[in-house]
Enquirer: 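Here it is, the structure, as structure tokens.
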Amino acid sequence: MSVEQPCYTLINVSSDTEPYNEMHLKSDLEKGDTQQKVEALKKIIRMILAGERLPAGFLMMIIRYVLPLPDHTAKKLLLIFWEIVPKTTPDGKLLQEMILVCDAYRKDLQHPNEFLRGSTLRFLCKLKEPELLEPLMPSIRACLEHRHSYVRRNAVLAIFTIYQNFEFLIPDAPELISNYLDGEQDMSCKRNAFLMLLHADQERALSYLSSCLDQVTSFGDILQLVIVELIYKVCHTNPSERSRFIRCIYNLLNSSSAAVRYEAAGTLITLSSAPTAIRAAASCYIDLIVKESDNNVKLIVLDKLVSLGEHPTYNRVLQDLVMDILRVLSSPDLEVRRKTLSLAMELVNSRNIEEMVLFLKKEVSKTIDSEQEDTGKYRQLLVRTLHSCSIKFPDVAATVIPVLIVYLTDSNELAASDVLVFIREAIQKFENLRPLIIEKLLESFRSIQSVKVHRAALWILGEYATSVPDIEAVIKEVSLALGEGSLIAAENRLKQGDVEENKLEPGNQTGPVVTTLVTSDGTYATQSAFNSVQTSSKEKRPPLRQYLVDGDFFIGASLSSTLTKLALRYSNLSTPEKSNRFDAQIMLIMSGIIHLGQSGLSTKPITNDDRDHILFCLRVISDRSQIITDIFTEYCRKALNDMLVAKEFEEVSYQKSKQKTGTKIQTDDPISFLQLETDKGGELGENVFETSLSQALIGGRLGGADAFGANKLNKVTQLTGLSDPVYSEAYVHVNQYDIVLDVLIVNQSNDTLQNCILELATLGDLKLVDKPQPVVLAPKDFCNIKANVKVSSTENGIIFGNIVYDLTGAISDRNVVVLDDIHIDIMDYIVPANCSDTEFMRMWAEFEWENKVTVNTTLTDLNEYLKHLIKSTNMKCLTPEKALSGQCGFMAANMYAKSIFGEDALANLSIEKPFNKPEAPVQGHIRIRAKSQGMALSLGDKINSSQKINQHIKIVSA
């Protein structure tokens with residue numbers, strides 16, 4: 001088939017089919033039984049689809065031997081055959097044989113079998129020859145009165161299609177269908193009839209709808225969907241009709257069909273901005289999310305709610321529905337929960353914050369006994385949300401903190417770390433809550449199970465324990481967490497088996513224990529404890545001492561800093577005698593840690609860094625230098641405050657960037673009159689049906705004002721040379737999961753190119769969907785051929801191929817023009833993303849593929865190179881701006897991005913530049929980590945190519 005012909009039927013043809021033999025086909029059609037004739041017809045259909053011509057005489061043979069067959073399979077195949085076979089002569093006149101075909105289908109339209117009638121009517125919808133349809137019109141009209149609904153609904157579709165394409169064949173179609181609709185009872189038939197009136201004669205459709213407005217809720221869902229579409233279109237064209245039909249939309253919000261409720265809610269929002277309408281639509285959306293089981297549906301409807309919340313007018317209405325939105329948390333899907341909590345945080349206000357916090361605290365307590373797969377991550381989400389609530393509304397912090405501190409003892413380190421981050425920020429910002437936080441933190445201190453959480457807890461206690469009772473309570477907890485007495489003496493006692501804790505345990509027997517065993521042959525045997533090797537379980541140690549014995553002496557260094565801060569404060573609050581005793585106790589703990597690290601009793605010896613830090617703390621306590629004292633007692637807290645302020649500023653900047661800028665109207669802008677303009681800029685904005693259709697056609701990505709300007713030209717790739725007989729170039733349009741190649745082919749020669757075929761092949765995770773059809777190009781003629789390529793992962797792909805053609809009258813072999821390669825840019829699939837430092841470090845440790853790229857650039861400024869890298873890789877810099885400011889000759893930054901396929905990409909930039917050489921280029925390297933090899937390699941290739949382009953630009957400008 002040629003490229004211009006419409007195609008309705010797609011048939012898969014296997015590549016290993018045998019070549020067709022005309023004689024065998026002819027014999028099967030003339031003399032074969034029904035099954036052989038059916039198989040022969042299948043082969044002829046495949047032959048036509050492959051682009052081969054129908055042999056002479058076969059058309060009449062099929063009319064004579066296959067058309068009269070009563071077999072249903074043969075009838076179905078004939079419908080496909082008549083759809084694809086050429087029905088006209090080369091000069092455009094209808095073939096004489098088609099008169100016989102037309103008569104056969106007139107008989108089928110009068111056949112008593114409803115299946116034959118219905119399938120024939122469906123086939124007539126695809127015919128584009130009015131000469132064939134004209135004799136059949138009386139039979140088609142008669143089918144509207146058939147007893148079976150299958151025939152009637154297909155008759156309506158046939159009349160609709162014929163009226164659209166050839167109005168002169170049935171000019172009274174709207175009146176005919178309108179009268180038919182009044183007497184029809186079947187919902188599918190009424191839906192098709194109403195759909196035709198919607199597109200052919202809206203006045204009659206409105207008249208019918210007005211007559212049965214009260215019965216709309218009793219209609220079937222397929223008819224209700226068409227009614228919603230009609231109401232939207234009418235109200236969009238003529239807004240004065242809204243009051244007439246909006247009550248009907250309200251009623252459809254209670255439809256039994258989820259699809260109808262969804263469409264009705266969307267239509268109600270576009271037709272009315274009244275608070276009651278927005279509340280009703282939002283409640284309908286929430287109900288859909290809670291009741292629907294499909295996670296994709298939940299996410300789609302949640303996105304609708306999120307877009308509603310972004311509208312300043314609708315936001316106030318949704319604020320009253322926060323508790324209803326939180327019902328969505330009953331869904332087990334983590335992504336649904338994440339979006340729900342994010343939306344709730346955007347909408348919560350001072351009126352409902354207490355209710356929301358109470359609900360979230362209950363949700364946190366539910367996660368303790370839950371055995372679901374993502375329970376830990378969900379608890380982490382809840383902790384972060386409560387954190388945000390407490391910072392946004394300080395009044396609720398006092399009720400949140402006691403609940404969350406309990407989860408410091410959680411075995412899930414992620415949730416415990418998030419709790420500690422929240423406590424650190426709360427204790428800095430809310431001075432009135434400091435005693436409560438310290439009290440609760442001390443209660444949970446010994447039960448903490450993670451060394452990282454213990455380290456952070458020690459820092460908080462050392463920084464904010466400022467009164468004598470608090471300091472003494474901290475020292476008491478630290479002593480208990482280390483164990484009584486000297487660390488080395490306690491470890492030696494454990495090694496010798498003389499454990500004091502086990503002396504008083506009941507059931508400790510010093511005599512031999514005799515056990516009765518059953519041997520393999522069923523007899524009994526006894527075993528004495530004296531002749532069996534005892535395997536003792538691991539000795540229980542206090543938590544801090546356990547970390548030290550395991551070789552983690554960084555916790556010892558952190559503990560020394562905390563104890564030093566406490567000692568420096570204690571000396572200002574108590575008498576010299578008490579202060580000296582306190583200092584001696586602390587110095588004994590520190591020296592004990594050093595001795596334990598050098599004794600060989602620990603798994604790993606103490607590192608030089610940790611030992612030097614502990615010795616430095618000992619010296620600070622003994623010397624009491626004013627400068628060092630100020631660093632320990634004041635500057636640490638100031639650094640935390642600066643970090644929190646910077647984080648808050650970054651969050652505010654991010655929220656501002658998300659806000660939609662208001663419409664600015666200049667004094668000389670034209671005035672938009674509603675009566676003169678009904679599409680864009682009108683009262684109801686764009687037509688959502690047309691917008692959604694255009695989004696589907698272009699892959700869901702709406703471009704800006706320059707969507708079809710310079711950006712499109714940038715994606716045009718020249719495939720052949722200007723002196724080639726065939727010139728070709730391609731526009732590469734990247735959708736979300738596929739690529740559309742729009743290839744322009746120009747015949748620059750004076751010859752006609754016969755059977756010109758664009759042959760394409762792919763390399764990488766690309767797959768060619770369909771093979772382009774052959775075309776014929778006249779001299780100096782051109783044509784456009786489109787090819788679809790599916791994409792399955794974020795990896796650089798290459799499309800290559802050639803153009804093959806025949807010359808008219810040429811005896812030589814086929815001519816070939818080799819095309820230049822088309823490189824698919826990975827940047828079309830990568831978007832900047834955000835993640836916390838903890839998540840970044842976790843992913844960095846998990847991802848196994850690393851690509852190290854050496855910096856090779858002519859740029860001389862560190863910040864300029866970072867900006868160039870972010871622009872060329874679409875990644876987001878996670879390192880705060882303040883950390884990158886200033887000049888020190890060295891820069892380290894973390895970057896993060898996600899692909900549309902859900903793949904994560906991490907990058908660490910480490911660059912330097914000597915101070916004494918201002919013109920020297922930036923040096924260093926970039927380390928890329930990803931879960932898949934293709935992602936890491938593709939990003940590295942992109943960075944290398946961007947560095948080369950940048951060098952080329954510098955050379956040209958020089």
Side-chain angles (χ1 to χ4, degrees), residues 1-7 49-53 86 88 90-92 694 697-699 701 703 706-735 738-764 766-791 796-825 827-828 945 949:
M1 290 186 296
S2 66
V3 179
E4 292 81 11
Q5 275 189 306
C7 180
L49 287 175
E52 297 183 33
R53 293 183 182 277
T88 56
D91 57 355
S694 63
L697 290 173
I698 64 170
R701 294 187 180 185
D706 198 32
F708 297 100
N711 289 342
K712 184 168 181 178
L713 292 176
N714 289 339
K715 293 188 176 181
V716 172
T717 306
Q718 185 177 335
L719 302 179
T720 62
L722 294 171
S723 60
D724 285 323
V726 177
Y727 173 76
S728 178
E729 63 183 27
Y731 165 60
V732 183
H733 183 78
V734 179
N735 294 333
D738 65 333
I739 299 164
V740 178
L741 293 180
D742 189 352
V743 183
L744 170 69
I745 298 177
V746 182
N747 179 8
Q748 300 192 114
S749 67
N750 294 319
D751 300 313
T752 299
L753 306 185
Q754 297 279 358
N755 206 18
C756 182
I757 301 174
L758 174 67
E759 295 181 346
L760 296 173
T762 58
L763 193 67
L766 304 175
K767 182 183 178 184
L768 194 64
V769 176
D770 49 3
K771 183 181 177 183
Q773 297 291 332
V775 293
V776 177
L777 285 178
K780 308 298 181 184
D781 194 8
F782 66 90
C783 73
N784 284 74
I785 296 177
K786 290 191 177 180
N788 289 300
V789 179
K790 285 290 177 190
V791 187
N796 281 340
I798 300 172
I799 301 172
F800 56 93
N802 46 52
I803 295 173
V804 184
Y805 60 91
D806 295 328
L807 292 177
T808 307
I811 307 172
S812 61
D813 293 335
R814 305 195 73 183
N815 298 275
V816 178
V817 178
V818 180
L819 304 178
D820 193 14
D821 295 345
I822 301 172
H823 292 266
I824 304 303
D825 194 354
M827 291 304 105
D828 290 319
S945 62
I949 292 169

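As the structure is a computational prediction, the values presented were derived from the model and not from experiment.
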Enquirer: Is any side-chain heavy atom of Y805 less than 4.5 Å from a side-chain heavy atom of V817?
Expert: yes
Enquirer: Starting at CG of L744, measure out to CD of E729 and round the result to the nearest 0.5 Å.
Expert: 5.5 Å
Enquirer: Can you tell me how far apart CG (D751) and CG (L777) are? Round to the nearest 0.5 Å.
Expert: 12.0 Å
Enquirer: Just do the side chain to side chain contact (heavy atoms under 4.5 Å, CB included) check on I822 and F800 with the steps written out, would you?
Expert: CA-CA 6 Å; I822 301 172; F800 56 93; over 6 Å; no
Enquirer: Would you find a donor on one side and an acceptor on the other, under 3.5 Å apart, between the side chain of T720 and the backbone of S728?
Expert: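 Yes, because the side chain of T720 sits within donor-acceptor range (under 3.5 Å) of the backbone of S728.
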Enquirer: Output the distance between atom OG (S723) and atom CD (Q748), rounded to the nearest 0.5 Å.
Expert: 8.0 Å
Enquirer: Mind checking the CG-SG spacing from N747 to C756? Nearest 0.5 Å is all I need.
Expert: 8.0 Å
Enquirer: Kindly compute the distance separating CD1 (I745) from CD1 (I757), expressed to the nearest 0.5 Å.
Expert: 10.5 Å
Enquirer: Once side-chain contact (heavy atoms from CB on, under 4.5 Å) is applied, do any residues pair with N788, and if so which ones, sequence neighbours excluded?
Expert: D738, V740, V769, D770
Enquirer: Run the side chain to side chain contact (heavy atoms under 4.5 Å, CB included) test on Y727 and L722 for me, step by step, so that the C-alpha distance in whole Å, both residues' side-chain angles and the decisive distance to 0.1 Å come before the verdict.
Expert: CA-CA 6 Å; Y727 173 76; L722 294 171; 3.6 Å; yes
Enquirer: Looking at side-chain heavy atoms only, is the closest gap between N802 and L758 below 4.5 Å?
Expert: no
Enquirer: Please determine whether side chain to side chain contact (heavy atoms under 4.5 Å, CB included) holds for the pair N815 and L807, giving the CA-CA distance in whole Å, both sets of side-chain angles, and the decisive distance to 0.1 Å.
Expert: CA-CA 8 Å; N815 298 275; L807 292 177; 3.7 Å; yes
Enquirer: Here's a test for you: under side-chain contact (heavy atoms from CB on, under 4.5 Å), which of I785, L753, N784 qualifies with V775?
Expert: I785
Enquirer: Kindly write out the residues that satisfy side-chain contact (heavy atoms from CB on, under 4.5 Å) with T762, not counting sequence neighbours, or none if the list is empty.
Expert: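 Once residues adjacent in sequence are excluded, the partners of T762 under the side-chain contact (heavy atoms from CB on, under 4.5 Å) criterion are L766, V789, I799.
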Enquirer: Would you check, one step at a time, whether the test side chain to side chain contact (heavy atoms under 4.5 Å, CB included) holds for L719 with V743?
Expert: CA-CA 9 Å; L719 302 179; V743 183; 4.2 Å; yes
Enquirer: When rounded to the nearest 0.5 angstrom, what is the spacing between CG in L741 and OG1 in T717?
Expert: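 Going from the CG atom of L741 to the OG1 atom of T717 covers 8.5 Å.
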